[in-house]
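The next block holds one structure in the form of structure tokens; read it before the comments.
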Amino acid sequence: MVSYSVEVSGSDPRTVTCGEDQRLLDAFLRSGVYLPNSCNQGTCGTCKVKVLSGSVDQPAPSETVVSADDQAAGHVLACQSTPTSDVRIEVPLDAGTGPRHVLRDLCGTVHEIRELADDTVALAVGIDEPLDFSAGQYIEFRVPGTGDVRQYSMANPPSRSDRLEFHIRRVAGGRATDGWIFDSLQHGHPIEMRGPWGDFVHDRDVDAPMILLAGGTGLAPLKSIALEALSADPEREIHLYHGVRHSRDLYDVDFWESVTRRHSGVRYVPCLSREDGADRRGYVGDALVEDFDSLRGHVAYLCGPPAMVDAGVRACKRRRMPGRNIHREKYTPAA
Ligand code: FAD
């Protein structure tokens, strides 16, 4: 198979080998070399890099993800681009650093599928070898019989690395959920997976009070983050807001209530946007703004549908949380 060398230029140059059919991002992460990344499906733009020399193939990115000017200046998405020669690339200066767990293919076996709420299941998957990952990251599932992959976040903390837990919500007509997971997936079935992916990770060096804002199954990575934080510091101050539309969509309520009994620093606030009955009526961002005069000195992790995450970020900023303290993951649908 033909392969090329791909170099990230800059003060810390790094070179990896990339196959002609391999995406640049995949090659870097498989070599344990960090590149900024989030959705791995060409919709978020986090992995935008500039090609300085050489050439790549990629489907034309949407101009909302890579502007026409940036495309003309040689910017491409590392998650979508394959090399057609040796390549030198540049990553944005403010890209920072992130998890360096080696990306790999995984063979999973379904251990359990359990109904959590209306149209939501917990899926437990045993894997061939324990997986190194950071709390907050996700795995890609290959959808059988299609060329498609879909992303699902680990809900278990990294300390439990041989059995992964996922929270999955059915999307009507969805290829992965309606057409496979909720239709035919059963105990003992194999799942082809690849991971870990993503920059949305628990920063274990920061011990500030934590705000967790979840929409629907956006609760999954926040559970992983909260459990890791509490195992390091059982007194950690954590405010978890879980937003869903109706009470029938709420899940893990008993679990979180038991966490609040065992850990006096944890507050759990379920919010219903379309019905009365939980602690709060309305959206998680609005509940946060009502509860805090200032969020200076706090750190936030937000995950869920894009509109919920955007509103949550605005709420954090309204309460003067610095942007660098706000970590977010959007569950953008596949393009
Ligand atoms: P598709 O076949 O992709 O979609 C069918 C139709 O529904 C399309 O028209 C599509 O645009 C639309 N659609 C897709 N999703 C939605 C939606 N949410 N609301 C309304 N319309 C929609 N999901 C989880 O349940 N749990 C997770 O832990 C999780 N983690 C994710 C992590 C990341 C980084 C990302 C990017 C997404 C994550 N998702 C998660 C979403 C998941 O990857 C799939 O997009 C989702 O399960 C739908 O896939 P599908 O194949 O069933 O639907």
Side-chain angles (χ1 to χ4, degrees), residues 25 29 36-47 62 64-65 77 79-80 98-99 103 108 113-125 133-157 164-185 191-201 212-226 242-246 249-252 273-274 301-310 327-335:
L25 179 61
L29 300 184
N37 71 99
S38 179
C39 74
N40 194 35
Q41 55 184 11
T43 51
C44 74
T46 307
C47 65
S62 146
T64 55
V65 182
L77 297 175
C79 75
Q80 299 298 304
L103 177 77
I113 303 189
R114 184 167 47 89
E115 189 174 65
L116 282 175
D118 206 31
D119 278 339
T120 306
V121 292
L123 175 66
V125 180
F133 69 96
S134 295
Q137 286 192 293
Y138 69 87
I139 290 283
E140 248 175 27
F141 289 20
R142 188 166 290 286
V143 185
T146 73
D148 296 331
V149 294
R150 295 288 184 269
Q151 299 76 14
Y152 295 103
S153 310
M154 274 75 81
N156 55 297
L164 307 179
E165 177 194 338
F166 303 95
H167 301 165
I168 302 182
R169 177 149 177 91
R170 184 203 298 262
V171 171
R175 284 195 171 194
T177 55
D178 225 5
W180 171 46
I181 297 170
F182 285 78
D183 180 58
S184 57
L185 192 66
I191 305 186
E192 281 181 49
M193 308 189 296
R194 191 166 56 141
W197 298 94
D199 282 358
F200 179 68
V201 293
L212 303 179
L213 294 189
T217 49
L219 184 59
L222 303 188
K223 181 176 181 185
S224 177
I225 289 170
H242 186 201
V244 295
R245 290 179 177 171
H246 303 281
D249 304 321
L250 265 183
Y251 67 88
D252 268 357
S273 61
R274 306 241 173 121
Y301 295 85
L302 297 84
C303 186
M308 170 261 142
V309 171
D310 288 339
H327 306 266
R328 69 200 83 167
E329 179 94 291
K330 293 180 182 177
Y331 283 177
T332 42

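Note that ligands are numbered from 1 as they come in the structure, with each ligand's atoms numbered from 1 the same way. Note that this is a predicted model, so its numbers are computed, not measured.
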Ser153 side-chain N/O to Gln137 backbone N/O, donor-acceptor pair under 3.5 Å: no
Gln41 side-chain N/O to Thr332 backbone N/O, donor-acceptor pair under 3.5 Å: yes
Ser38, any N or O under 3.5 Å of ligand 1 N or O: no
Check: Gln41 N/O within less than 3.5 Å of ligand 1 N/O: no
pair Thr43-Lys330: side-chain heavy atoms closer than 4.5 Å: no
Atom 5 (C) of ligand 1 touched by protein heavy atom at under 4.0 Å: yes
Distance filter under 4.0 Å to Ile168 heavy atoms, resulting ligand 1 atoms: 25 (O)
Geometric N/O contact Glu329 with ligand 1, under 3.5 angstrom: no
His327-Tyr301 aromatic ring centre distance below 6.0 Å: yes
Ligand 1 atoms in contact with Tyr138 (distance to a heavy atom under 4.0 Å): 34 (C)
Winner among Arg169, Arg150, Arg170, His167 once heavy atoms are compared against atom 45 (O) of ligand 1: Arg150
Heavy atom of the protein closest to atom 53 (O) of ligand 1 (residue, atom name, distance): Gly174 CA, 3.2 Å
Tyr331 side-chain N/O to Gly216 backbone N/O, donor-acceptor pair under 3.5 Å: no
Arg175, CZ atom: more than 12 neighbouring heavy atoms under 6.0 Å: no
Protein contact to atom 2 (O) of ligand 1 [nearest heavy atom, distance to 0.1 Å]: Arg175 N, 2.9 Å
Side chains of Asn40 and Gln151, donor plus acceptor under 3.5 Å: no
Residue portion contacting ligand 1 (non-hydrogen atoms closer than 4.0 Å) for Thr332: both
Heavy atom of protein closer than 4.0 angstrom to atom 8 (C) of ligand 1: no
Polar atom proximity, Thr217 to ligand 1 (N or O, under 3.5 Å): yes
Closest candidate by heavy atom, reference atom 28 (O) of ligand 1, pool Ser153, Pro305, Pro221: Ser153
Sole residue of Pro99, Ser134, Ser38 in side-chain contact (heavy atoms from CB on, under 4.5 Å) with Asp199: Pro99
Residue Arg194 excluded, over 12 heavy atoms near CZ under 6.0 Å: yes
Flag: protein heavy atom within less than 4.0 Å of atom 49 (O) of ligand 1: yes
Single hit among Asp119, Ile113, Thr177 for side-chain contact (heavy atoms from CB on, under 4.5 Å) with Ile168: Thr177
Nearest protein heavy atom with distance in Å, relative to atom 12 (C) of ligand 1: Val171 CG1, 4.2 Å
Minimum-distance protein heavy atom relative to atom 42 (C) of ligand 1: Gln151 O, 3.3 Å
Tyr251 and His167 aromatic ring geometry - parallel, tilted or perpendicular at 30°/60° bounds: perpendicular
Heavy-atom nearest neighbour in the protein, as seen from atom 14 (C) of ligand 1, with distance rounded to 0.1 Å: Pro333 CB, 3.5 Å
Side-chain donor or acceptor of Thr120 paired with backbone N/O of Asp118 under 3.5 Å: yes
Ala220 N/O under 3.5 Å from ligand 1 N/O: no
contact_flag Tyr152 ligand 1 heavy-atom lt 4.0 Å: yes
Protein residue, atom and distance nearest to atom 52 (O) of ligand 1, heavy-atom basis: Thr177 OG1, 2.6 Å
Side chains of Leu123 and Tyr152 in contact at under 4.5 Å (non-hydrogen atoms): no
Atoms of ligand 1 close to Lys330 [distance to a heavy atom under 4.0 angstrom, numbered from 1]: 36 (C)
